[in-house]
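Everything on this sheet refers to the single structure shown next.
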Amino acid sequence: MTWALGTGAAAALGGCQESRSPRESRDSRVTLTFWNGFTGGDGAYIKKLVEQFNQASPGIQVKMNIYLWADFFQKVPGAVISGQAPDVCVMHLDGIPTNAARSIIMPIDDIAQSLGLKASDYTSQEVWEGGLYKGKRYGIPFDMHPLGMYYNKGVLRRAGLDPEKPPRTGDEYMAALEQLKGKGIQGHWMAPFLFTGTFQFESLLWQFGGELFDPGVTRATFDSDAGVQALTWMVDLVKKGYSPPNVGQDADFIAFQNGQNAFNWNGIWQINALDEVPGLEWGPAPIPRIGPQEAVWGNSHQFVLMRQRSPDPRKLEAARTFIQWMSQRSVEWLESGKIPVLQRVAESPEFKSLEKQGQFARQAPYIRFPPAVAGISDALAMVDKAVNQAVLGKASPADALKAAAAQATQVVRDNHEKYGD
Amino acid sequence: MDTQAPIRRAGRATPYLFLAPYLVLFGVFVVLPGLYGLWISLHDWDFLLPRKPWVGLRNYQNLFSPESRDFGDFWQSMKATGLFTLFSVPFLVVVPLTVALLLNREFPGRTFFRAVFFAPYVLGVAVVGVLWRFLLDPNIGLINNMLSASFPWTTDLPWAWVSLVGMTVWWTLGFNAIIFLAGLQDISRELYDAAKVDGANRWQQFLHVTLPGLKPVLLLVLTMTILGSANMFGQSYLVTRGAPANETRTAIMFIADTGLRTFRMGNAAAMSYVLALALLVVSAFNFRLLRHEDM
């Protein structure tokens, strides 16, 4: 796409717009630069939406750049400080406080107000409040994307299990895994990495009644009994032979597509990736309730505006139009594998026709998010480490969690000092 | 006499004038950033926060006090870097030398084989990383499939080191081989002829003619390879993700993580200087060793 390639130059122009005379710019169209990290199956959907927006709004031209999320979060600060910041971005709920504290994104209460957005419009209070930092609004919710369970119908049938009735509870799940094992199938491959081992751990931690941090996020608490129970359950899948040891990055998901395992707990964003696999019969379901209460990991994409050296009111106005247009059309976006944040959309017949998304949306009432405080990803990296260590059999769940939590506590204390929370 | 004085004075400036373009680049892109980095390492530095408090030598002290946040991770990453260097350098010197010796002989298709050995070097680390990640995957990778085994190539030790060293040798051996090849072609044929006349066999020729003739090249290759291996980043980052539990996370990877992902540039700068100092010591030792043998 040529318009994606030209964006570097467009960003450079955006940085020196003050040199243009006002009369000149009034005649020309407003160009907005829009950065995000939709490199997966959702990339095609965001491109389609932006193209539609450009056709629908002759006065505004949106130029989009897509980076890997990891690169995106590194590039954005540099772009802001060098005066070449994009105008609009999408970032995750837990990225908002860090970027707000570092003045990379700016408060947009006025935009939220002029769009007439209010808490009661949203399906999840946590998502709506996740856009706030120190009482000011920085993010406008676009979607939610929880973990969910994919099941391979062909494999279940082969093992004599009902392919239309995936297990819902811990006991059902274990019975299914046992039956699969009897047929020589390792049913649930346990990934030792962030994707998706950590997401599984966090979901289970909450299911067993634990928390990642104490309420003020001054101390890591994921080494609690609940945490040990959660991680032990994961490690036991390997020990009991329901998962091979040493699962490589993404190997669990590839094996699922090849019919080598039966269940994969993965992000809702994988829906379209699986639809593209020829001949694969699969179904979506909420993750089973292993612990005493329902809970599942999720996150939310939110629109944010970047701090500009010389803010341009016309661009702000254009950004408002763009964000409003995009969030109104969120059903088209949800097709890429997301669930709605707007009540109105969640209840619409258009969303109800998205059956697979609907299955994952059943989890909406109990989706849990990473804590929204500045610098939290630095502390969450310690959770990744503990999961990796334990699932690979390098340390017992309790030891791995204890060491990681001690370090994470140090990190959140440093962060409080650094960001002055 | 009067006419010669200005020339002599101009003559004194001449070498510096010749050096000037390089010195300007060196100053702007190496010395100044280096000094700036030193300044950063004395602060709690996040380039976007208004407050960058001066902390003196605390960032350095932290690296040497076991109760600090970075101590364990940093030295684990230094150890990973050290191990990788230790494991990879012998292969990265001996294998290319062997290849160069073979390719230096006359045989049909020699140019083709030179190209074959050099070819992987032109690939970017991202390509190499993705390629090997799929070949080496413990569960679904081609290599385990062909061996009908389940070696944990990317998730357990020592396999992860075998993988990282192996792919690095495959990827970069062409570069060292080319340098060795150039070195071999600089050795005068007459020395070999003289050695043959004296009754030296192939091995003796290699020991007494080839190796001494290659010494300067060997020193260059050895030093560059050690520094290159000590800067390893992409292979671990892409193939093992540092697994198991950060055991293969190299120093550069940890420094990048600290500075660019958690935005603690001051700490990252201090770590860089400790790493740089360690490499300086190794290189100095290296030069001494080889110069000593020369005499």
Side-chain angles (χ1 to χ4, degrees), chain A residues 70 73-75 77-78 80-81 98-99 101-104 186 189 192-195 243-252 254-255 258 260-261 307 375 377-379 381-382 384-395 400 403-404 406-411 413-415 417-420, chain B residues 44-53 62 67-73 76 126 129-130 132-141 144 150-157 159-160 163 237-249 254 256-267:
Chain A
F73 281 106
Q74 286 184 11
K75 264 186 217 295
V80 168
I81 209 160
T98 313
N99 287 290
R102 303 178 75 232
S103 304
I104 291 167
Q186 294 180 308
W189 287 26
F193 298 96
L194 168 64
F195 287 91
S243 164
N246 302 306
V247 174
Q249 176 90 23
D250 301 331
D252 52 333
I254 296 169
N258 297 340
Q260 287 173 272
N261 61 29
R307 182 162 60 90
S377 60
D378 311 352
M382 306 304 158
D384 300 343
K385 181 173 150 187
V387 169
N388 191 274
Q389 225 170 3
V391 172
L392 292 175
K394 297 277 144 196
Q407 218 180 352
T409 297
Q410 253 178 336
V411 173
R413 289 199 175 138
D414 279 6
N415 283 343
E417 197 182 315
K418 176 173 170 178
Y419 295 109
Chain B
D44 187 355
W45 191 286
D46 179 329
F47 67 92
L48 273 169
L49 290 185
R51 227 167 53 89
K52 301 176 180 65
N62 279 345
E67 66 279 4
S68 83
R69 164 177 169 185
D70 293 322
F71 178 83
D73 284 339
Q76 185 181 47
V130 170
W132 283 93
R133 215 178 90 192
F134 282 112
L135 291 174
L136 290 167
D137 189 281
N139 320 102
I140 52 171
N144 273 347
S150 57
F151 291 108
W153 292 115
T154 57
T155 52
D156 203 0
L157 302 179
W159 311 107
S163 307
Y237 185 75
L238 292 161
V239 176
T240 64
R241 308 242 154 191
N246 299 338
E247 299 254 11
T248 58
R249 178 168 66 174
F254 182 60
D257 217 46
T258 306
L260 299 176
R261 217 172 64 94
T262 74
F263 304 111
R264 296 184 302 130
M265 279 88 184
N267 304 69

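Below, chain A is the first sequence line, B the second, and so on; all start at residue 1. Atom set for the values below is all heavy atoms of this structure, side chains included, hydrogens, waters and symmetry mates excluded.
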- Side chains of D46(B) and Y419(A) in contact at under 4.5 Å (non-hydrogen atoms): yes
- Mind checking whether I254(A) and F134(B) have side chains closer than 4.5 Å, heavy atoms only?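 Result yes, sub-4.5 Å side-chain heavy-atom pair found.
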Heavy-atom cut-off 4.5 Å, strictly under: side chain, backbone, both or neither for [X] against chain B?
X	result
V391(A)	neither
R413(A)	neither
Q249(A)	both
P244(A)	side chain
I104(A)	side chain

Answer yes when [X] and [Y] have at least one side-chain N-carboxylate O distance shorter than 4.0 Å, and no when they do not.
X	Y	answer
R241(B)	D384(A)	no
D378(A)	R261(B)	no
D156(B)	K394(A)	yes
K418(A)	D44(B)	no

- Any idea which of S150(B), S68(B), G141(B) has the most non-hydrogen atom pairs under 4.5 angstrom with chain A?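 Counting heavy-atom pairs under 4.5 Å, the top option is S68(B).
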- Item | side-chain hydrogen bond (donor to acceptor under 3.5 Å, both in side chains) evaluation trace for N246(B) with Q389(A) | CA-CA 9 Å; N246(B) 299 338; Q389(A) 225 170 3; over 6 Å; no
- Message: Test your reading of the model: is there a side-chain donor-acceptor pair from Q410(A) to the backbone of E67(B), 3.5 Å cut-off?
- Response: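 Pair found, side chain donor or acceptor close to backbone of E67(B).
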- Message: Determine whether a donor-acceptor pair (N or O, by modelled atom type, separation under 3.5 Å) exists between the side chain of N139(B) and the backbone of G248(A).
- Response: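 Yes, because the side chain of N139(B) sits within donor-acceptor range (under 3.5 Å) of the backbone of G248(A).
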- Message: Quick check: closest heavy atoms across F193(A) and A243(B), and the distance to 0.1 Å?
- Response: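 Scanning both residues, the minimum pair turns out to be CE2-CB, 3.8 Å.
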- Task: Could you pull out the closest heavy-atom pair between L48(B) and R102(A), with the gap in Å?
- Result: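 Residues L48(B) and R102(A), closest heavy atoms: CB-O, 3.6 Å.
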